[in-house]
Amino acid sequence: MNKPVVTRFAPSPTGYLHIGGGRTALFNWLYARGRGGKFLLRIEDTDRERSTPEATAAILKGLTWLGLDWDGEVVSQFDRKDRHAEVAHQMLARGTAYKCFSTQEEIAAFRAEAEARGSYALFQSPWRDADPATHPDAPYVIRMRAPREGETIIEDQVQGRVVIQNSALDDMICLRSDGTPTYMLAVVVDDHDMGVTHVIRGDDHLNNAARQQMVYAAMGWDIPVWAHIPLIHGPDGKKLSKRHGATGVEEYQAMGYPAAGMRNYLTRLGWAHGDAEIFSTEEAMKMFDLSGIGRAPARLDFKKLENTCGHHMAMAENAALLHEIEAYLVAAKRPALTQSQRALLQAGLYCVKDRAKTFPELLEKAQFALTSRPVQPDEASAKALDSVSRGILKSLTPRLQTASWTKDALEPILTDVAAENGIGFGKLAAPLRAALAGRSATPSVYDMMLVIGRDETIARLEDASA
RNA sequence: GGCCCGUUCGUCUAUCGGUUAGGACACCUGGUUUUCAACCAGGUAAGAGGGGUUCGACUCCCCUACGGGCUGCCA
């Protein structure tokens with residue numbers, strides 16, 4: 001009998017949603033959603049010094065943009081501190097933990113002394129086996145009574161079987177002297193209480209898993225399935241940092257990458273399923289598994305990200321695409337669309353979405369639908385509007401007056417005009433582009449004419465040839 | 001310092017002892033073309049280094065190098 005899958009994403013709210021965190025969340029989400037399971041969200045805010053509500057909001061916003069929805073309420077780890085303390089005391093009662101009265105100064109001194117000797121030693125609390133009768137009336141922490149011999153084995157779905165010598169692990173603190181829980185305790189208690197079956201997280205937690213597994217053992221709880229995934233690196237192979245540019249998910253939104261493309265790219269970054277490259281989110285849910293996750297850190301490749309996004313842009317449904325474009329404009333702090341821009345853009349999406357990879361690029365190519373008279377040609381397109389070309393445009397307008405406004409009717413008119421002037425179609429298309437869009441990279445001239453309509457087309461041609 | 005993880009084309013990866021080491025992005029060449037994007041045909045390009053095990057290693061083991069992580073009353 002298989003338990004239903006429950007995964008979780010558990011970021012600490014100390015900043016925006018990191019791109020690596022976004023991918024971790026995505027993996028958890030795909031794994032759960034692909035199996036009819038639950039995907040939970042927990043904010044690890046036990047460190048009151050560094051946790052901020054703004055960061056929590058930013059993380060939620062980032063996840064929402066990525067299209068990752070979570071089940072139930074967002075859990076605040078800090079809110080569960082009483083339960084963590086309860087478990088710590090249960091461990092005390094079971095004898096799997098003990099009170100330690102060593103002060104931070106004593107511990108620091110111990111470490112300094114070891115360092116001075118040029119060695120490194122784990123702190124061994126003198127209180128581990130002390131008689132309770134000798135306990136002072138002083139603040140204390142609750143430490144795990146970790147086994148000092150033997151080994152702890154992590155059966156990791158990504159990293160394989162990892163063996164850690166127990167002698168390398170100290171008696172970690174579970175409950176601080178102020179009564180608040182440490183991460184190492186809280187994460188286990190919460191995962192257990194929330195029914196998490198699969199812990200998919202960054203491999204910076206691989207070593208921690210051994211200590212956490214001791215807590216599971218101490219409480220007699222079932223150990224979840226572990227899957228420690230490699231971190232994402234920058235293009236230079238070093239750990240991803242601000243130096244590399246975009247590290248926050250929100251920055252990718254502001255750069256204009258569509259969320260579907262972002263999901264696809266991130267899914268393929270460190271995970272593969274045969275030759276599958278471009279796929280929908282639904283397909284990803286069906287294919288995604290732990291065995292396809294690679295063991296080496298992956299580097300971010302913006303070229304491939306763009307390519308992937310280009311495919312998704314072309315596949316996008318118009319109404320949804322328009323919504324996403326408007327959200328992008330807000331995120332990028334660009335002016336919103338006017339009513340008429342919105343209407344024309346919507347009508348023209350069909351001919352721009354398959355030639356753009358990002359929203360800025362799409363908007364640039366949709367300039368013909370966004371601009372208004374008089375159209376200001378940019379430097380490149382202005383070159384096409386020489387006096388000869390302007391004359392040709394002028395001769396064209398009367399013939400457009402009477403044409404029926406379809407591509408089939410327009411095509412012979414334009415090709416005839418080109419032929420009559422002894423020029424190739426390209427020589428006619430260039431000034432047309434300049435007149436209609438003020439740009440040299442645009443959709444087909446026919447598509448632009450059809451989208452903006454006869455009157456606007458003629459008016460723009462007259463403006464340009466005047 | 002100790003412990004743990006990793007290393008296939010420039011990049012993401014496939015391969016799970018026997019392949020001309022495959023695909024995708026990027027790049028180069030040619031084609032198509034109405035600019036851009038796309039598309040079609042083709043091309044360059046990889047098992048970190050060294051030892052083993054084996055009839056046979058990218059694949060299994062060991063060492064080295066390099067990269068990363070952990071080693072907190074941070075998460």
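- A donor and an acceptor atom sit less than 3.5 Å apart, one in the side chain of Asn208(A) and one in the base of A75(B).
- Judged purely by distance below 3.5 Å, without hydrogens or angles, the side chains of Thr24(A) and Arg201(A) never pair a donor atom with an acceptor atom.
- Residue Arg176(A) places at least one side-chain N or O closer than 4.0 Å to OP1 or OP2 of A75(B).
- Lys353(A) and Asn318(A) share a side-chain donor-acceptor pair at under 3.5 Å.
- Among the heavy atoms of the strands, none lies under 4.0 Å from Arg439(A).
- If you check every strand for non-hydrogen atoms under 4.0 Å, His273(A) touches nothing.
- Residue Ala168(A) is out of contact with every strand shown, counting any heavy-atom pair closer than 4.0 Å.
- Between the side chain of Lys303(A) and the base of C25(B) there is no donor-acceptor pair of N/O atoms closer than 3.5 Å.
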Would you list the protein and nucleotides 38-48 of chain B atom pairs, both N or O, that sit under 3.5 Å from each other?
unit_1, atom_1, unit_2, atom_2, d
A38(B), OP1, Lys357(A), NZ, 2.9

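- Among the atoms of the strands shown, none is found under 4.0 Å from any heavy atom of Pro230(A).
- When heavy atoms are screened at a 4.0 angstrom cut-off, Ala430(A) is found touching no nucleic acid atom at all.
- Taking 3.5 Å as the limit, the base of C36(B) and the side chain of Thr442(A) contain no donor-acceptor pair of atoms between them.
- Candidate nucleotides C73(B), G72(B), G10(B) were compared by shortest atom distance to the side chain of Val141(A), and C73(B) ranks first.
- Counting non-hydrogen atoms under 4.0 angstrom, Glu44(A) reaches the backbone sugars and phosphates but no base.
- Side chain to side chain, Asn264(A) and Thr308(A) fail the donor-acceptor criterion of an N or O pair below 3.5 Å.
- The side chain of Tyr446(A) approaches U34(B) more closely than any other nucleotide in the set G69(B), C74(B), U34(B).
- Annotation: cation-pi geometry satisfied between Arg48(A) and Phe78(A) (NZ/CZ under 6.0 angstrom from ring centroid, within 45° of ring axis).
- Counting non-hydrogen atoms under 4.0 angstrom, Leu269(A) reaches the backbone sugars and phosphates but no base.
- Across all strands, Arg117(A) comes closer than 4.0 Å to no nucleic acid atom at all (heavy-atom distances).
- Among the protein residues, Gly270(A) comes within range of the sugar-phosphate backbone only, with heavy atoms under 4.0 Å from sugar or phosphate atoms but none that close to a base.
- Side-chain contact annotation: Ser12(A) with Tyr183(A), donor-acceptor N/O pair under 3.5 Å absent.
- Nucleic acid contact for Ser440(A): base, since at least one base atom lies under 4.0 Å from a heavy atom of the residue.
- The only option from Tyr31(A), Phe39(A), Phe9(A) that meets the ring-ring contact (aromatic ring centres under 6.0 Å, His included) definition with His198(A) turns out to be Tyr31(A).
- Partner of Asp129(A) under the salt bridge (charged side-chain N to carboxylate O under 4.0 Å, His left out) criterion, chosen from Arg143(A), Arg148(A), Arg145(A): Arg145(A).
- Nearest to the side-chain atoms of Arg111(A) among the listed nucleotides G22(B), A37(B), G72(B) stands G72(B).
- Here Tyr265(A) lies out of heavy-atom contact (under 4.0 Å) with every strand.
- Nucleic acid contact class of Met172(A) (heavy atoms, under 4.0 Å, all strands): none.
- Between the base of A24(B) and the side chain of Lys304(A) there is a donor-acceptor pair shorter than 3.5 Å.
- Here Arg299(A) lies in heavy-atom contact (under 4.0 Å) with sugar-phosphate atoms only.
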Kindly give the atom pairs (protein nitrogen or oxygen, nucleotide nitrogen or oxygen) under 3.5 Å for nucleotides 4-9 of chain B.
unit_1, atom_1, unit_2, atom_2, d
C5(B), O3', Gln159(A), OE1, 3.2
C5(B), O2', Gln159(A), OE1, 2.9

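- Taking 3.5 Å as the limit, the base of U34(B) and the side chain of Arg433(A) contain a donor-acceptor pair of atoms between them.
- Among the nucleotides U13(B), G22(B), U11(B), the one closest to any side-chain atom of Asp301(A) is U11(B).
- Residue-level contact check: Ser102(A) touches the bases, meaning some heavy atom is under 4.0 Å from a base atom.
- With 3.5 Å as the limit, one finds a donor-acceptor pair spanning the side chains of Asp447(A) and Tyr350(A).
- Between A75(B) and Thr46(A), a contact under 4.0 Å exists linking OP1 or OP2 to a side-chain N or O.
- Relative ring orientation between Tyr446(A) and Phe425(A) is described as parallel, the plane-to-plane angle staying below 30° on a 0-90° scale split at 30° and 60°.
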